[in-house]
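Values below: every heavy atom of this structure, side chains too, minus hydrogens, waters and symmetry copies.
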Amino acid sequence: AEEEGAVGPRCHQRSVAMLDIPFPTFCAFLGSLGLLCVALVSAWCQHWRGGFSLDGGSRTFNWHPVLMVTGLVVLYGAAALVYRIPGTWSGPKLPWKLLHGGLALAAFVLTVLGLAAVFRFHNSNGTPNMYSLHSWMGLGTVLLFSCQWAAGLGAFLLPWAPVWLRELYKPIHVFFGSAILMLSVASCVSGINEKLFFSLKNGTTQYKLLPAEAVFANTLGMLILLFGVLVVGALARPSWKRPDSGSLDSRQ
C-alpha cells in the first residue's frame with residue numbers, strides 16, 4: 001500500500017517537470033507573440049483602415065492602436081519581465097534597473113504619442129473626447145502608468161530613497177505592475193471592439209455578420225489577451241522570481 005501511495009507523488013512530480021518550461025524558451029515564444037501582435041495591428045490598420053498619415057484624418061487615428069499595442073502592452077510586458085531573466089539574479093542590479101526603467105519609459109513615450117494621435121483625430125473632425133468607457137479606461141491606465149514609473153524612479157533608481165522605503169514599496173510596485181498590464185490589455189481589446197462597431201456598419205458588411213476584418217481584429221484581440229495573461233503568469237511563477245538579495249540591494 002505504501003508503494004502504491006508513493007506512485008502518486010512520483011507521477012505528479014514527473015507531470016510537473018514535463019510542464020516546467022525553461023524561461024529562455026518561454027521568453028522566445030512570448031517575444032514572438034508580442035511581435036506578432038504588433039505586426040497584426042499594423043496590418044489591420046494598413047489593409048482595412050487605409051494606412052497611416054499625420055493629416056488629422058482617419059489615417060492619423062491608425063497610429064493610435066499601433067502605438068498603444070506596441071508601448072502599453074508589448075514593451076511594458078517586456079519591462080515587467082526583466083527581473084525574471086536568470087542573468088539578473090547575480091551581480092549588480094543597477095544595469096537591469098536601467099533596462100527595466102528604460103523599457104518602461106519607451107513604452108510610456110509611445111503611449112503618449114498614441115494618445116496624441118487619437119486626440120488630434122477627434123479635434124480635427126469635431127468628435128468629442130473622453131466620452132466612452134474605452135477612453136476612460138485607457139486614460140486611467142496611462143495616468144496610473146505614469147505614477148508607477150515616477151514612483152519607481154524615486155524609490156529604486158535615485159540614490160536618496162532609504163532601504164525601509166524600498167522594502168515597503170516593492171510589493172506595491174510589483175502588484176501595480178501586473179494590474180497596469182491587465183488594464184492595458186483590457187483597454188486595447190475594448191478599443192479594437194469599439195473601432196469595429198464604429199466602422200463595420202453603413203456601407204460595409206456589418207460586424208454581426210463577421211466579415212474578414214472582424215475575424216482578423218477579433219483574433220488580434222485574443223492574441224493580445226493571451227500575451228497579457230502569459231506575462232502575468234510568468235510574474236507570478238515562484239521558480240522564475242529573482243532570489244531575495246536585500247543585502248546587495250541595500251549596499252547599492
Side-chain angles (χ1 to χ4, degrees), residues 33-34 36-38 40-42 44-45 48-49 58 60-81 103-152 172-201 207-208 213-214 216-236:
L33 180 60
L36 179 61
C37 290
V38 174
L40 290 183
V41 70
S42 302
W44 175 39
C45 293
W48 278 286
R49 298 290 102 218
S58 60
T60 298
F61 172 87
N62 290 340
W63 287 108
H64 175 67
V66 172
L67 292 172
M68 288 306 195
V69 171
T70 304
L72 207 54
V73 176
V74 178
L75 274 182
Y76 187 86
L81 289 177
L103 286 172
L105 180 60
F108 182 72
V109 170
L110 293 183
T111 299
V112 170
L113 293 175
L115 286 179
V118 71
F119 278 115
R120 181 176 182 187
F121 167 71
H122 282 177
N123 294 335
S124 298
N125 292 272
T127 304
N129 292 304
M130 302 304 302
Y131 65 89
S132 67
L133 175 61
H134 162 68
S135 63
W136 289 17
M137 186 186 307
L139 186 60
T141 302
V142 174
L143 292 175
L144 192 59
F145 181 12
S146 62
C147 294
Q148 169 88 339
W149 194 90
I172 300 173
H173 185 78
V174 171
F175 168 78
F176 276 103
S178 296
I180 291 168
L181 178 63
M182 294 314 298
L183 286 171
S184 301
V185 169
S187 299
C188 288
V189 171
S190 65
I192 291 170
N193 195 237
E194 182 178 277
K195 184 63 176 177
L196 291 174
F197 275 118
F198 285 159
S199 302
L200 299 181
K201 48 182 184 179
Y207 189 14
K208 66 181 181 181
E213 180 181 357
F216 188 92
N218 285 353
T219 302
L220 167 63
M222 294 300 293
L223 292 176
I224 292 172
L225 180 60
L226 176 61
F227 181 90
V229 168
L230 289 177
V231 172
V232 172
L235 293 174

Show your working on side-chain contact (heavy atoms from CB on, under 4.5 Å) between V231 and Y76 and close with a plain yes or no. CA-CA 10 Å; V231 172; Y76 187 86; over 6 Å; no
Answer yes or no: is there a side-chain heavy-atom contact under 4.5 Å between L196 and N218? yes
Salt bridge (Lys or Arg N to Asp or Glu O under 4.0 Å) against R49, all qualifying residues, sequence neighbours excluded: E213
Within the 4.5 Å heavy-atom criterion, are F119 and H64 side-chain neighbours or not? no
Validation row: L235, V174 side chains within 4.5 angstrom (heavy atoms): no
My understanding is that only residues two or more places apart in sequence, or in another chain, count here; which of them pass side-chain contact (heavy atoms from CB on, under 4.5 Å) with A234? F26, L81, W240
Which heavy atom of F227 sits nearest to which heavy atom of G77, and what is that distance? CE2-CA, 4.3 Å
Rounded to the nearest 0.5 Å, what's the gap from CG on L139 to OG1 on T111? Could you check? 11.5 Å
Whether W48 and F216 hold their rings parallel, tilted or perpendicular, with breakpoints at 30° and 60°: tilted
Roughly how far, to the nearest 0.5 Å, is NZ of K201 from OH of Y207? 14.0 Å
Given M68 and L115, is the side-chain contact (heavy atoms from CB on, under 4.5 Å) satisfied, shown in steps? CA-CA 8 Å; M68 288 306 195; L115 286 179; 3.4 Å; yes
dist C188:SG -> N193:CG (nearest 0.5 Å) comes out at 13.0 Å
Test of understanding: with side-chain contact (heavy atoms from CB on, under 4.5 Å), list the residues that count as partners of S184, not counting sequence neighbours. L72, V73, T141, I180
Working to the nearest 0.5 angstrom, can you tell me the gap between W63 CH2 and C45 SG? 10.0 Å
What distance do L33 atom CG and I224 atom CD1 have between them, rounded to the nearest 0.5 Å? 9.5 Å
Please walk me through it: do I192 and W44 pass side-chain contact (heavy atoms from CB on, under 4.5 Å)? CA-CA 10 Å; I192 291 170; W44 175 39; 4.1 Å; yes
Set of side chain to side chain donor-acceptor pair (under 3.5 Å) partners for S135, sequence neighbours left out: S132
State, to 0.1 Å, how close A107 and L75 come at their nearest heavy-atom pair, and which atoms those are. CB-CB, 3.8 Å
Which heavy-atom pair separates A104 from W149 by the least distance, and what is that distance? CB-CD1, 3.5 Å
Mind checking side-chain contact (heavy atoms from CB on, under 4.5 Å) for H122 and listing every partner two or more places apart, or none if nothing turns up? V118, T127, N129
Please report the shortest heavy-atom distance between L220 and C37, naming the atom on each side. CD1-O, 3.6 Å
For A214 versus L200, what's the shortest heavy-atom pair and its separation? CB-CD1, 3.9 Å
Intermediate values then yes/no, side-chain contact (heavy atoms from CB on, under 4.5 Å), N62 and V66: CA-CA 7 Å; N62 290 340; V66 172; 6.0 Å; no
Considering all heavy atoms, the nearest H134-S190 contact: ND1-OG, 3.1 Å
By side-chain contact (heavy atoms from CB on, under 4.5 Å) - contacts of S124 (at least two apart): R120
For a 4.5 angstrom cut-off between non-hydrogen side-chain atoms, does F176 reach L144? yes
